[in-house]
Amino acid sequence: MPVYSIVQNAKIVAHAGAVKEIADVMKDAGYKKAFLVFDQGVKAVGVVDKVIDSIKTGGLEFVEFGEVIPDPPSTVIVKGAGIMVEEKCDCIIAIGGGSSTDTAKGINVMRVNGGNILEYANPEKQAKNCPGLICVPTTSGTGSELSLGIIVTDLETATKVPILATYAMSEYVICDPELTYGMPAGLTMMTGLDVFSHAFESYTSVVTHEMANIIQEKIMCEVVKYLPRAVANPKDEMARQRMLYNASMGGWMLCHGLAHVGHSLAHVIGAKFHIPHGAACAYGAPATIRYIAKSVPEKTKVIGEALGVVFKGDETPEQIGTMTADAYIAFRDSLGLKPISSYGVTKEQLVGIAKDVAAEPFAGCTPGGMNEEIAAQLLAECYY
């Protein structure tokens with residue numbers, strides 16, 4: 001069996017107004033009844049209605065499930081799967097950000113395979129392919145529409161559980177930049193910083209490869225160029241389009257390089273202290289950059305150059321890491337990110353979750369390795 005370097009099976013419709021083509025996509029695939037998964041925020045701003053209008057115009061059926069919440073818990077996924085099966089829907093449409101997409105992915109897994117979604121965190125759990133997922137991203141961040149992962153919250157343990165699920169990826173993706181025009185500046189900033197983390201972590205992961213690196217490098221440069229524009233002017237059509245497309249491409253790159261300790265920090269910090277994922281990534285990124293520079297100095301230099309650093313060429317790996325991390329902090333803070341202490345989190349609380357960070361699945365992909373002692377050091381640095 002050959003190992004393919006680049007694979008992306010999703011069919012993507014990407015242009016302004018693409019949401020109007022959802023009925024055509026359903027018909028092309030032979031689907032007749034959709035299960036719509038969304039949160040009340042996208043419902044309130046009218047995005048869900050745009051999807052419904054297309055479905056109705058096409059003479060197709062749908063069922064609404066508007067119970068998505070941030071950091072989607074397994075309980076919501078279990079409930080949604082039960083309704084989808086009962087309603088005999090043959091496809092599922094995720095409308096919104098990463099929480100909607102992860103919820104829809106989980107529902108689709110259970111719809112096809114049964115059981116509880118948390119069971120599929122076990123790599124030995126066998127699962128059938130889950131067709132029928134159509135994603136309509138409304139934020140430019142998680143890239144979940146093209147990634148191979150599902151992040152589910154286990155309420156009993158208060159942890160975010162990453163599930164690698166190549167069998168549950170999207171069949172179709174509708175990338176309509178017009179759906180992101182209403183994103184507030186804070187959300188634009190945090191989700192955009194998540195895109196940068198996807199790119200630099202998958203770029204420096206121990207499992208990445210050269211063909212993917214070309215795309216990962218480009219995404220970093222694009223985020224530095226277009227995220228400030230999108231934050232400053234929500235109606236900047238070019239900035240919105242480029243950030244949406246780069247978010248999707250960043251999600252795709254997670255299929256080829258995964259992530260590493262930067263996301264391990266974010267997953268644990270987010271679950272323990274209820275900090276939005278993009279912000280949690282941004283708090284962990286500087287410490288992560290400084291640490292990995294010792295193992296991958298040349299790649300860290302490329303990250304720094306994307307952020308505007310000019311290197312003389314005689315810097316040590318430690319200096320490269322510091323210069324790149326400082327440039328990232330300047331970029332991040334210029335967009336309006338508040339310090340982690342604004343969430344009421346102390347340095348001692350952060351260091352106290354080191355064991356969980358070291359045990360998080362993505363930590364194993366970190367250049368230089370990971371253990372509890374190193375995780376504690378990185379967490380302490382997150383506070384500053």
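Residue numbers count from 1 along this sequence.
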**Q** Does E315 use its side chain to pair, donor to acceptor, with the backbone of G313 at less than 3.5 Å?
**A**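 Side chain of E315 to backbone of G313: a pair is present.
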**Q** Test: salt bridge (Lys or Arg N to Asp or Glu O under 4.0 Å). Region: residues 110-131. Which pairs qualify, not counting sequence neighbours?
**A**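 Output for this query lists E119-K125.
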**Q** Rounded at 0.5 Å granularity, tell me how far CE in M211 sits from CD1 in I214.
**A**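 Spacing of CE (M211) from CD1 (I214) equals 6.5 Å.
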**Q** In Å, rounded to the nearest 0.5 Å, how long is the span from CD of E237 to OH of Y181?
**A**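 Output value for this atom pair is 3.5 Å.
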**Q** Any sub-3.5 Å donor-acceptor pair from T166's side-chain atoms to L148's backbone N or O?
**A**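 No; judged by distance alone, with no hydrogens or angles, the pair does not exist.
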**Q** Taking all atoms of both residues into account, what is the closest heavy-atom pair of C365 and A259, and its distance?
**A**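 That closest heavy-atom pairing would be CB-O, 3.3 Å.
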**Q** Can you check whether Y328 and F196 have ring centres sitting under 6.0 Å from each other?
**A**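 When the ring centroids of Y328 and F196 are compared, they turn out to be within the sub-6.0 Å range.
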**Q** Hey, quick one: are L36 and I83 part of the same hydrophobic cluster, counting side-chain heavy atoms closer than 4.5 Å, chains of contacts allowed?
**A**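 Different clusters: L36 never reaches I83 through Ile, Leu, Val, Met, Phe, Trp or Tyr contacts under 4.5 Å.
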**Q** Closest heavy-atom contact between A185 and V231?
**A**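 Taking A185 first and V231 second, the nearest heavy atoms are CB-O, 3.9 Å.
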**Q** Does H267 offer a backbone N or O that forms a donor-acceptor pair with the side chain of E360 under 3.5 Å?
**A**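 Not a single qualifying donor-acceptor pair exists.
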**Q** Is there a donor-acceptor pair under 3.5 Å between the side chain of S205 and the backbone N or O of E201?
**A**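 Not a single qualifying donor-acceptor pair exists.
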**Q** Hydrophobic cluster membership, with links at side-chain heavy-atom distances under 4.5 Å among I/L/V/M/F/W/Y: are Y226 and L244 in one?
**A**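 Result: no, two separate clusters.
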**Q** Does the side chain of D326 reach to within under 4.5 Å of the side chain of V309, using non-hydrogen atoms?
**A**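 Contact flag for D326/V309 side chains = no.
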**Q** Are any of the side-chain heavy atoms of I93 and M26 separated by less than 4.5 Å?
**A**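 With C-beta onward as the side chain, the pair touches.
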**Q** With respect to N108, which candidate in I77, L133, I150 satisfies the side-chain contact (heavy atoms from CB on, under 4.5 Å) definition?
**A**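 Between N108 and the candidates, side-chain contact (heavy atoms from CB on, under 4.5 Å) is satisfied uniquely by L133.
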**Q** Return the minimal non-hydrogen interatomic distance between G114 and Y120, and the atom names on each side.
**A**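 Where G114 meets Y120 most closely, the heavy atoms are O-OH, 2.8 Å.
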**Q** Can you find a heavy atom in the side chain of C175 that is under 4.5 Å from one in the side chain of Y245?
**A**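 In short, these two side chains touch, coming nearer than 4.5 Å.
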**Q** Using distance alone, with no hydrogens and no angle criterion, decide if T208 and H256 have a side-chain donor and acceptor under 3.5 Å apart.
**A**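 No donor-acceptor contact under 3.5 Å links the two side chains.
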**Q** Using the salt bridge (Lys or Arg N to Asp or Glu O under 4.0 Å) rule, collect all pairs that involve residues 144-170, keeping only residues at least two apart or in two chains.
**A**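 Those involving residues 144-170 are D71-K160.
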**Q** Should the pair E87-K33 be classified as a salt bridge under the 4.0 Å nitrogen-to-oxygen rule?
**A**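 Salt bridge between E87 and K33, a charged N being under 4.0 Å from a carboxylate O: yes.
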**Q** Would you say the side chain of P228 lies within less than 4.5 Å of the side chain of F331, judging by non-hydrogen atoms?
**A**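 With C-beta onward as the side chain, the pair touches.
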**Q** Do the non-hydrogen side-chain atoms of V13 and V173 ever get within less than 4.5 Å of each other?
**A**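 Contact flag for V13/V173 side chains = no.
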**Q** Going by an N to O cut-off under 4.0 Å, is there a salt bridge joining R240 and E178?
**A**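 No, no charged N to carboxylate O under 4.0 Å.
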**Q** Quick one: does D236's side chain have a donor or acceptor within less than 3.5 Å of a partner on A230's backbone?
**A**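 Side chain of D236 to backbone of A230, a donor-acceptor pair under 3.5 Å: no, none is there.
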**Q** Do the side chains of F62 and V51 get nearer than 4.5 Å, heavy atoms only?
**A**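 Sidechains of F62 and V51: no contact.
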**Q** Salt bridge or not between E318 and K294? Use side-chain N to carboxylate O under 4.0 Å.
**A**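 Looking at K294 together with E318, the answer is no, because their closest N to O distance does not fall below 4.0 Å.
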**Q** Apply ring-ring contact (aromatic ring centres under 6.0 Å, His included) to the pair F35 and F65, showing each step before the final yes or no.
**A** CA-CA 7 Å; F35 191 65; F65 182 72; 5.6 Å; yes
**Q** Do the charged groups of E171 and K11 touch, with an N to O distance under 4.0 Å?
**A**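 No salt bridge links E171 with K11.
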**Q** Answer whether the closest heavy-atom distance between the side chains of Y172 and C135 falls below 4.5 Å.
**A**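 Result no, sub-4.5 Å side-chain heavy-atom pair not found.
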**Q** Do the side chains of I292 and T300 get nearer than 4.5 Å, heavy atoms only?
**A**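 A side-chain contact under 4.5 Å exists here.
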**Q** Is the shortest side-chain N to carboxylate O distance from K218 to E222 below 4.0 Å?
**A**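 Salt bridge flag = yes for E222 with K218.
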**Q** Counting N and O atoms only, with roles assigned by atom type, does the side chain of S144 sit under 3.5 Å from a partner on the main chain of G98, one being a donor and the other an acceptor?
**A**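 The answer is no, because no donor-acceptor pair under 3.5 Å joins these two groups.
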**Q** Does a salt bridge link K20 with D53, judged by any charged N lying under 4.0 Å from a carboxylate O?
**A**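 No, this pair does not count.
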